[in-house]
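Order of the sequence lines sets the chain letters (A, B, ...), proteins ahead of strands, with each chain counted from 1. Just so you know, these numbers use all the heavy atoms, side chains as well, and skip hydrogens, waters and symmetry mates. Nothing here was measured: the structure is a model prediction, and the numbers come from that model.
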Amino acid sequence: MVLLNRWEGIRIFVKTKDDMRYFILLFAAMLMLCSEMRAQQQQEPWNSNQLMEPENLANRINKNQTANLLILTIGPDALIKGSVDMGPAQEAENIDKMKGYLKKVPKDKEVVIYCGCCPFDRCPNVRPAFNLLKEMGFKNAKLLNLRKNIKVDWLDKDYPINE
Amino acid sequence: MRRIVCFFLTTLFASHLFAQNTPLEIGQPAPEISLPQPDGTPFSLSSLQGKLVLIDFWATWCAPCVEEQPELKVLYDKYQKANPGKFEIVGVSLDKSKENWVKAIDRFKIDWIQVSDLMFWKSPVAKDYGIEELPFNMLMDEQGTIIAINLHGKELADFISNYVR
């Protein structure tokens with residue numbers, strides 16, 4: 001029923017052949033854009049369920065609910081309270097260090113990584129680190145969703161930090 | 001009712017007043033920067049009064065900042081070396097690792113002033129200047145007044161060229 005109404009709505013706007021052509025073109029362009037966006041999203045090593053919101057992590061740290069959680073920084077500094085410094089993951093030696101560290105960690109442990117230098121599209125560290133977690137078979141790997149950087153999305157919110 | 005409105009307005013005003021990272025504007029005085037150089041020598045921005053100063057906030061973990069360093073080198077060679085009393089660059093690093101910072105200074109043959117407290121985003125200078133992301137820069141005139149904010153590439157080169165002419 002809803003679908004029918006929608007088509008009728010379109011028919012009101014699309015009266016001439018030119019209109020129809022324009023509509024089809026527009027529709028095709030939109031479809032292409034959508035599929036391209038989806039393809040881009042699929043290229044990332046993580047999916048949306050693997051993103052952890054900073055607010056959630058901050059709450060868990062504040063409530064001391066981090067016993068089953070490992071927080072790793074794979075960026076410039078271990079700012080978040082309780083996080084372990086692996087060094088920027090763009091450097092091969094730091095990836096080796098992370099690999100060594102994770103060997104002792106059970107594969108079902110929840111591991112959340114963060115960098116926070118800049119948005120993900122510009123960050124050189126999040127992808128190599130997340131790929132390593134996947135390769136090593138960590139089933140509960142997460143990426144902290146710092147949209148802009150650790151300053152704006154963590155420090156400025158007064159979330160807990162390593163003093 | 002009036003009291004509720006009044007309360008609401010006051011809280012709104014107060015929250016504005018205490019809001020962090022008040023962005024700086026052109027025409028305001030540039031906040032003082034007192035930070036150590038790589039060898040530990042203290043530096044103060046106010047010591048550069050009388051010069052046009054480019055304050056470049058950067059870090060080795062910020063890829064676009066690093067890419068910009070050779071461009072700054074060109075500007076420095078062109079304007080500072082020709083006219084040492086008139087122009088200066090101050091690189092303020094938000095690095096955490098001193099090793100990375102010093103390595104980059106060597107690698108890009110940076111011969112302008114470099115300062116850092118090596119506190120990453122916790123550095124008070126980030127708060128003083130209301131910096132939310134890097135790269136970020138600012139031009140300060142002879143009186144210490146901000147005359148340009150966040151110009152890069154050709155815009156930056158043109159601004160300096162017009163100013164010193």
Test salt bridge (Lys or Arg N to Asp or Glu O under 4.0 Å) on B:D111 and B:K73 and set out the steps. CA-CA 8 Å; B:D111 44 6; B:K73 176 102 183 140; 3.5 Å; yes
Using the benzene-type ring in the case of Trp, are the ring centres of B:W61 and B:F120 under 6.0 Å apart? yes
Hey, what do you get for CD1 (A:I80) to CG (A:L144), rounding to the nearest 0.5 Å? 5.0 Å
Could you look at A:P76 and say if it's the side chain, the backbone, both or neither that has a heavy atom under 4.5 Å from chain B? both
A:L146 and A:G116: which non-hydrogen atoms are nearest, and at how many Å? CD1-CA, 3.8 Å
Residues B:Q114 and B:W58: side-chain donor-acceptor under 3.5 angstrom: yes
Test log, rule side chain to side chain donor-acceptor pair (under 3.5 Å), inputs A:T73 and A:D85: CA-CA 5 Å; A:T73 176; A:D85 196 354; 4.8 Å; no
Is it the case that more than 12 heavy atoms not belonging to A:K148 sit under 6.0 Å from its NZ atom? yes
With a 4.5 Å heavy-atom cut-off (strictly below), which parts of residues 76-109 of chain B touch chain A? List them by number. B:K96
Is it the backbone or the side chain of A:C118 that comes under 4.5 Å from a heavy atom of chain B, or both, or neither? neither
